[in-house]
Enquirer: 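The structure follows.
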Amino acid sequence: QVQLTESGGGLVQAGGSRRLSCVASGPAASGYNLGWFRQAPGKEREFVAAISWSGNYTYYSRSVKGRFFIARDNAKNTVTLYMSNLKPEETGVYYCAADQKAYGSDWPSINYRLLEFWGQGTLVTVSS
């Protein structure tokens with residue numbers, strides 16, 4: 001098992017940047033594929049970005065590609081999501097997720113309900 005704790009949410013103006021962090025607690029944390037999802041009020045949870053266990057492969061939703069950047073530090077068992085040029089419609093609760101399965105390029109289309117572990121989420125509010 002692995003426990004995930006997100007942080008970094010808050011209020012940011014449209015066009016601004018924000019950094020989200022997720023700390024994974026557990027001896028096998030470095031072996032998990034990690035991803036970020038977000039959920040806006042009244043909408044389904046959607047994929048944002050993911051990174052392989054090695055950190056050598058990253059995946060992004062089409063809507064955030066080029067603006068967001070995901071990285072991990074296995075020595076610290078953390079994964080970070082760097083967000084830039086934020087849009088008001090990207091307001092929502094951002095969740096960190098972990099899974100042993102290597103979804104690879106399938107990350108954008110997976111059913112998030114199948115993922116093994118989730119953090120409690122951190123709220124990001126983008127004002128216009």
Side-chain angles (χ1 to χ4, degrees):
Q1 290 78 20
V2 60
Q3 292 182 332
L4 306 173
T5 304
E6 304 100 329
S7 64
L11 178 64
V12 59
Q13 288 189 316
S17 301
R18 197 79 178 182
R19 183 187 69 185
L20 305 181
S21 296
C22 174
V23 179
S25 301
S30 62
Y32 283 84
N33 302 286
L34 301 173
W36 285 95
F37 291 74
R38 65 189 177 196
Q39 186 168 12
K43 293 187 177 182
E44 291 290 316
R45 193 169 301 184
E46 65 177 357
F47 170 76
V48 177
I51 190 166
S52 65
W53 66 269
S54 66
N56 292 329
Y57 302 94
T58 58
Y59 313 92
Y60 300 93
S61 69
R62 294 185 183 277
S63 65
V64 308
K65 191 175 182 64
R67 297 187 296 114
F68 289 17
F69 177 74
I70 187 171
R72 69 187 294 170
D73 185 341
N74 287 346
K76 298 180 179 179
N77 290 330
T78 61
V79 59
T80 303
L81 181 67
Y82 301 90
M83 306 183 293
S84 64
N85 195 21
L86 284 160
K87 305 174 182 179
E89 59 265 34
E90 293 178 311
T91 290
V93 178
Y94 284 68
Y95 297 91
C96 179
D99 203 299
Q100 293 180 328
K101 292 184 179 295
Y103 292 106
S105 59
D106 291 330
W107 269 104
S109 60
I110 62 172
N111 184 349
Y112 72 88
R113 297 176 180 85
L114 299 178
L115 295 173
E116 291 185 277
F117 304 102
W118 292 91
Q120 81 291 339
T122 185
L123 177 64
V124 176
T125 302
V126 184
S127 62
S128 60

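Every heavy atom of this structure was used, including side-chain atoms; hydrogens, water molecules and symmetry mates were not. Residues take their numbers from the sequence shown, with the count starting at 1.
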Enquirer: Nearest 0.5 Å, please: how far is OG in Ser109 from OH in Tyr103?
Expert: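 Separation between the atoms: 10.5 Å.
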Enquirer: For the residue pair Tyr95 and Trp118, does the interplanar ring angle fall in the parallel (under 30°), tilted (30 to 60°) or perpendicular (over 60°) class?
Expert: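 Ring orientation, 0 to 90° scale: perpendicular.
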Enquirer: Please check if the side chain of Gln120 supplies one atom and the backbone of Glu6 the other of a donor-acceptor pair under 3.5 Å.
Expert: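 Between the backbone of Glu6 and the side chain of Gln120 there is a qualifying donor-acceptor contact (under 3.5 Å).
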Enquirer: Starting from Tyr82, can I reach Val124 by hopping between I/L/V/M/F/W/Y residues whose side chains sit under 4.5 Å apart?
Expert: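 The answer is yes; both residues are in one hydrophobic cluster.
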Enquirer: For Val23, does its backbone N or O pair with a side-chain atom of Asn77 as donor and acceptor, under 3.5 Å?
Expert: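 Such a contact is absent between Asn77 side chain and Val23 backbone.
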Enquirer: Between Arg72 and Asn33 (side chain of the first, backbone of the second, donor and acceptor by atom type, cut-off under 3.5 Å), is there such a pair?
Expert: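 Not confirmed, Arg72 side chain does not pair with Asn33 backbone.
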Enquirer: Of the non-hydrogen atoms in Thr80 and Ser21, which two are nearest, and what is the gap between them?
Expert: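 Looks like OG1-OG, 3.9 Å.
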Enquirer: For a 4.5 angstrom cut-off between non-hydrogen side-chain atoms, does Glu90 reach Met83?
Expert: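 No. Closest side-chain heavy atoms not under 4.5 Å.
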Enquirer: Hey, what's the ring geometry for Phe47 with Trp107, parallel, tilted or perpendicular (30° and 60° as the breaks)?
Expert: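 The rings of Phe47 and Trp107 lie parallel, inter-plane angle below 30°.
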Enquirer: Rounded to the nearest 0.5 Å, what separates atom CG in Asn111 from atom CG in Asp106?
Expert: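 The CG atom of Asn111 sits 13.0 Å away from the CG atom of Asp106.
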Enquirer: Measure across Ser128 and Ala14 and return the closest heavy-atom pair with its distance rounded to 0.1 Å.
Expert: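 Minimum heavy-atom contact is CA-CB, 4.3 Å.
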Enquirer: If you define the side chain from C-beta out and look only at heavy atoms, does anything of Trp36 sit under 4.5 Å from Cys22?
Expert: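 Touching, per the 4.5 Å side-chain cut-off.
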Enquirer: Taking all atoms of both residues into account, what is the closest heavy-atom pair of Leu11 and Arg18, and its distance?
Expert: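 That closest heavy-atom pairing would be O-NH1, 3.6 Å.
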Enquirer: Other residues, nucleotides and ligands only: do more than 12 of their heavy atoms fall within 6.0 Å of CD on Glu89?
Expert: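 Counting other residues, nucleotides and ligands, CD of Glu89 exceeds 12 neighbours.
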Enquirer: Would you name the heavy atoms of Leu34 and Ala98 that are closest together and state the gap between them?
Expert: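 Minimum heavy-atom contact is CD2-CB, 3.5 Å.
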Enquirer: For the residue pair Phe69 and Val64, establish whether any side-chain heavy-atom pair is separated by less than 4.5 Å.
Expert: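 Of all side-chain heavy-atom pairs linking Val64 with Phe69, none is under 4.5 Å.
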Enquirer: Got a sec, which residues hit side chain to side chain donor-acceptor pair (under 3.5 Å) with Tyr94, two or more places apart in sequence or on another chain?
Expert: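 Counting only residues at least two positions away or on another chain, Tyr94 forms a side chain to side chain donor-acceptor pair (under 3.5 Å) with Arg38.
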Enquirer: Centroid separation under 6.0 Å, is that true for the rings of Phe117 and Tyr32?
Expert: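 Yes: the rings meet the under 6.0 Å criterion.
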Enquirer: Looking at CD of Gln13 and OG of Ser127, how far apart are the two atoms once the value is rounded to the nearest 0.5 Å?
Expert: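 Going from the CD atom of Gln13 to the OG atom of Ser127 covers 5.0 Å.
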Enquirer: Would a distance-only check, ignoring hydrogens and angles, find a side-chain to backbone donor-acceptor pair under 3.5 Å from Glu116 to Gln100?
Expert: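 Such a contact is found between Glu116 side chain and Gln100 backbone.
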Enquirer: So, do Phe68 and Leu20 sit near enough that their side-chain heavy atoms are less than 4.5 Å apart?
Expert: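 Not in contact.
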Enquirer: Taking all non-hydrogen atoms of both residues into account, name the closest pair between Leu81 and Ala49 and its distance.
Expert: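 Residues Leu81 and Ala49, closest heavy atoms: CD1-CB, 4.0 Å.
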Enquirer: I'd like to check the side chain to side chain donor-acceptor pair (under 3.5 Å) partners of Arg45; sequence neighbours left out, ordered by chain and number.
Expert: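 So Arg45 forms a side chain to side chain donor-acceptor pair (under 3.5 Å) with Gln39.
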Enquirer: Backbone N or O of Trp53 within a donor-acceptor pair of the Asn74 side chain at under 3.5 Å?
Expert: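 Yes, the answer is positive, given that a donor and an acceptor are paired below the 3.5 Å cut-off.
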Enquirer: Could you state whether Leu4 and Leu123 fall into the same hydrophobic cluster, counting links through intermediate Ile, Leu, Val, Met, Phe, Trp or Tyr residues with side-chain heavy atoms under 4.5 angstrom apart?
Expert: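 Different hydrophobic clusters.
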Enquirer: Search all heavy atoms of Ala24 against all heavy atoms of Val2 and return the closest pair with its distance.
Expert: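 Looking at all heavy atoms of both residues, the shortest contact is CB-CG2, 3.8 Å.
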Enquirer: Is there side-chain contact between Ile70 and Tyr60, with at least one heavy-atom pair below 4.5 Å?
Expert: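 The answer is yes, as the side chains (C-beta and beyond) meet within the 4.5 Å cut-off.
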